[in-house]
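As the structure lists them, so they are numbered: ligands from 1, and atoms in each ligand from 1. Residues: numbered from 1 along the sequence shown.
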Amino acid sequence: MTRTKTLSASLPALDHPDPQTLASEVLMALKYRVGKDTTVATPYDWLTASIKVVRDRIIDHWISATKETYEQQEKRVYYLSLEFLIGRLMRDAFSNLDIMDPMREALASLGVDLDEIATLEPDAALGNGGLGRLAACFMESMATVDVPAHGYGIRYANGMFRQEIQDGWQVELPETWLDHGNSWEFERRERSFEVGFGGSVESVTAKDGRLERHVWKPLEHVLAVAYDTPVVGWKAKRVNTLRLWSGMPVDPILLDKFNAGDHIGALAESNKADALSRVLYPADSHKAGQELRLRQEYFFSTASLQDIVQRHLSQYGELASLPDKAAIHLNDTHPAVAVPELMRLLMDVHGMDFSQAWDITKRTFAYTNHTLLPEALESWPVPLFERLLPRHMQIVYAINAEVLQEARSSNRFSGDQIAAISLIQENGDRRVRMGNLAFVGSHSINGVSALHTELMKQTVFADLHRLYPDRINNKTNGITPRRWLIQCNPGLTALARQAIGDRFLDDIEAIKELDRFAGDAAFRDKFAAVKRANKTRLANLVADRLGIRVDPSALFDIQIKRIHEYKRQLLNILEAVALYDQIRSHPEKDWTPRVKFFGGKAAPSYHNAKLIIKLANDVAKVVNGDPAVRGLLKVVFVPNYNVSAAEIMMPAADLSEQISTAGMEASGTGNMKFALNGALTIGTLDGANVEMKEHVGDDNIFIFGLKADEVAERRRGDYQPRAIIEALPELAQAISAISSGVFSPHDPDRYRDLMNGLYDSDWFMVAADFDAYAATQREVDAVWNDRADWNARAIRNVARMGWFSSDRTIRQYAKEIWNVPV
Ligand code: 26W
């Protein structure tokens, strides 16, 4: 039953403090929280004091929201995710509490520049890329649309690595974001749970000899300790909790061991606990495979479930009502071990039988799939799973028996199809398939764009979909407009407010009222001025940090995202090389000045991705240094792409590169951030690009290349990249230049294998799409040269992107998956 929300009187209203009040709060915080006075305060101390001030204000809302959820017995959402790519929080908090301006003034009155101290806040980079950033946008949107929610994850001491570019190569350095402490979080020592690994399973029999229950006797124990960060929504509508677990030895002093003289043993135990929350696996769409990763997955899943079960029991006294009061969401398969863990808690700890536990489990869990890449689909070797989690292995077998029985008794499945449904992969080494486990344990399985969801039904989950046809559904991703427009693009926000008023701040879909201004020349000029200012800021940054001078009046063409072959940074670089060649050989032509920006991290073990970074840098060096180019083309690789870099680059883009091989990008969310900030997209019909095209209209987006079904068809047939390359002189020359060492004269063979890969197999269809891509880029030039037309299209992009708000996405999850009122 869906209950509609009633606005409660108990929630504190948003107050509007004046700068004087805030200034005195900052001074108090500086004195009593930081322990300094103004004469000795460092910029970092001012940052800490400012965060404490805004956090105090958030806490008032936090406590009342938590109380209200309890009193009203509201259903809670639990979002389990191994990644939360949050970025900085201070500006977001100021903006959501509507105190940005008075706070700026307050700090200025104390001689402190808000923008300066804001850049000192470290990025909380507890995620790899899209999946982690989506989790962060969702947390903010759940608070904004008033869904009572907890995010659960790991408090990694080292998040995503810091990328340095040395001699063009990626070098990975540890990111120590907790060095100065973390002003946002609260340590909750009292909220800690034991986590076991290994050991054996004992059966307890009743007096009559019947099996009563199983008891897992783990060999190792660690503690998961909670750290809470409040997450504030727009205008502090609600404040939710992000609870991150940190590993600690059960006996933090390890006195027994130590006193018994086992100093090394005591240290080893401490290190083992510590290791669980030491580092984020930097593998994006490639399974990590190591034992420590499975340990991390179980560690945070069991701690979160124990916490959820305890909260539910203390409020309701029984567990049969769990599905009515708790929706637990699995962000990809990383927390899929939560399925057998909840079964274990219900059966072994709380005495339920299998069928009741299974019913509760399925009604409680929902799962989102974020990728179809086969190499990213998690599975664990049965011997490893069994050694680490012996009781869970038994439960997985029991679930499997249940599911396979259902499949067999329907008489609709062949032997191969039954094998595809099984939780255990039997060919080769035996492995537990985490995708199948998450699927069968959930009542809802969703994809993240319309195309991706269709492909899920046709490929990875085809047989499970036939067995459970009502479970797969689509929830197209979204982004929070607070961070990705209001906060990162104050110029465009102010311009929109002048034009259409403030309604879009509360309801981003109202930004569609901007549409009619596309035809208004005066507005277009103002829009262009905002874009120009944002580009100038990026140009200055690039000049300061990299010593590369770029002209803000050139077309800024940007591809920023993880480096992966399927995302096809290589296609973009090849086009740059071909263009470079053209500019040199046809100096008489009227070339359109362009700067191609790249940014992104490669997984440390991903050889080709790292080579692509080196290639971008090698090409940049040659092109930028060639006087014959006359500045018409520049290539810039921006090091250490992260959330904060995105906040500067998204607003500065004219052209957004979304050029993955069709069928391979589940959704993309960078595509949405660019368009909302007034960039036009050049892209394939992949992921959410398909729906973006429907919303912005065919004339306002540049679509090229093979479609997903055409890619599949070529792969089935005999795709001949060599023939294609040989028929395209521009492409052939670009490849041969790279291959023969034009961009790597001191190591001429550096790119030989990478280029041969294009001739020999070209799995990502770079050759097949090159011609269409290059032709579309020239079309881009033509539109760019009619600046009124370009700006009109860009404005229409901004106006028509409201639907891609994560508020819309979260409302759909709430209504169609979680059954919570919004
Ligand atoms: C097991 C290792 C691992 C780690 C990360 C496997 C898979 C992943 C994810 C697939 C990585 C990811 O970030 N996927 C992205 O999710 C976004 C949010 O839904 C989508 O927009 C992107 O298209 C998708 O690549």
Side-chain angles (χ1 to χ4, degrees), residues 79 81-85 125-138 141 153-154 160 280-290 292-294 296-297 329-337 367-380 431-435 438 445-453 455-456 460 474-480 484 560-568 600-606 609 643 646 658-674 683-684 686-692 708 804 806 809-810 813:
Y79 198 80
S81 178
L82 218 36
E83 304 190 8
F84 288 92
L85 189 42
L126 310 183
N128 272 286
L131 167 144
R133 183 53 234 176
L134 185 76
C137 283
F138 278 9
S141 276
I154 293 181
M160 192 56 195
L280 163 78
Y281 274 93
D284 174 77
S285 25
H286 211 281
K287 57 187 161 230
Q290 291 87 342
L292 180 58
R293 169 75 174 202
L294 179 56
Q296 287 185 330
E297 294 184 352
H329 206 91
L330 305 174
N331 196 25
D332 216 286
T333 56
H334 315 155
V337 68
Y367 151 55
T368 299
N369 171 281
H370 294 269
T371 183
L372 301 172
L373 295 186
E375 68 269 28
L377 298 178
E378 283 191 297
S379 67
W380 294 104
R431 305 179 77 95
V432 183
R433 291 176 173 142
M434 303 308 269
I445 295 91
N446 74 283
V448 290
S449 73
L451 173 65
H452 165 64
T453 300
L455 293 173
M456 256 168 75
V460 263
N474 177 244
K475 298 287 169 282
T476 300
N477 283 167
I479 56 172
T480 167
W484 297 113
I560 39 178
K561 50 183 76 236
R562 285 300 288 256
I563 311 293
H564 202 295
E565 286 163 285
Y566 85 80
K567 294 176 187 281
R568 296 200 297 192
K601 293 173 182 172
S605 60
Y606 190 168
V643 172
Q658 309 300 334
I659 58 176
S660 50
T661 313
M664 301 195 78
E665 188 69 271
S667 160
T669 45
N671 46 2
M672 303 169 189
K673 292 162 199 165
F674 277 113
T684 47
D686 199 15
N689 295 353
V690 178
E691 290 150 88
M692 281 174 56
F804 294 91
S806 45
T809 314
I810 285 300
Y813 275 82

Taking 4.0 angstrom as the limit and counting only heavy atoms of [X], give me the atoms of ligand 1 inside it, by number and element.
X	answer
Val448	19 (O)
Ala376	6 (C), 7 (C)
Ala666	23 (O)
Thr371	10 (C)
Gly668	20 (C), 21 (O), 22 (C), 23 (O)

Next on the checklist: Check the orientation of His329 and Tyr79. Use parallel for under 30°, tilted for 30 to 60°, and perpendicular for over 60°.
Outcome noted: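 Rings of His329 and Tyr79: parallel, as their planes differ by under 30°.
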Checklist entry - So which of Asn477, Thr333, Asn331 actually passes side-chain hydrogen bond (donor to acceptor under 3.5 Å, both in side chains) with His370? => result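 Going through Asn477, Thr333, Asn331 one by one, the side-chain hydrogen bond (donor to acceptor under 3.5 Å, both in side chains) with His370 is satisfied by Asn331 alone.
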Please work out, at 4.0 Å between heavy atoms, whether the side chain, the backbone, both, or neither of [X] comes within that distance of ligand 1.
X	answer
Glu378	side chain
Ala283	backbone
Tyr566	side chain
Asn477	side chain
Arg133	neither
Leu131	both
Glu375	neither

Checklist entry - Below 3.5 angstrom, do we get any N/O pair linking Glu83 and ligand 1? => result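 No; every N/O pair is 3.5 Å or more apart.
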Checklist entry - Looking at ligand 1, does any of its N/O atoms fall within less than 3.5 Å of an N/O of Ser667? => result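 Right, the criterion is met.
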So, 4.0 Å and heavy atoms of [X]: is ligand 1 close enough to count as a contact?
X	answer
Gly687	no
His452	no
Arg562	no

Next on the checklist: My understanding is that we take every heavy atom of each candidate and find the minimum distance to atom 3 (C) of ligand 1. Doing that for Met664, Glu297, His334, Lys475, which one comes out nearest?
Outcome noted: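 The option holding the nearest heavy atom is His334.
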Next on the checklist: Considering Met672, Lys567, His370 one by one, which has a heavy atom nearer to atom 15 (C) of ligand 1 than any of the others?
Outcome noted: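 Going through Met672, Lys567, His370 one by one, His370 has the nearest heavy atom to atom 15 (C) of ligand 1.
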Item to check | Pairing residues for Arg433 by the side chain to side chain contact (heavy atoms under 4.5 Å, CB included) criterion, not counting sequence neighbours | outcome: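 Testing Arg433 for side chain to side chain contact (heavy atoms under 4.5 Å, CB included), a comparison that skips the adjacent residues, returns Ser422, Gln425, Asn436.
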Checklist entry - Roughly how far, to the nearest 0.5 Å, is the CE atom of Met664 from the NZ atom of Lys567? => result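 Output value for this atom pair is 10.5 Å.
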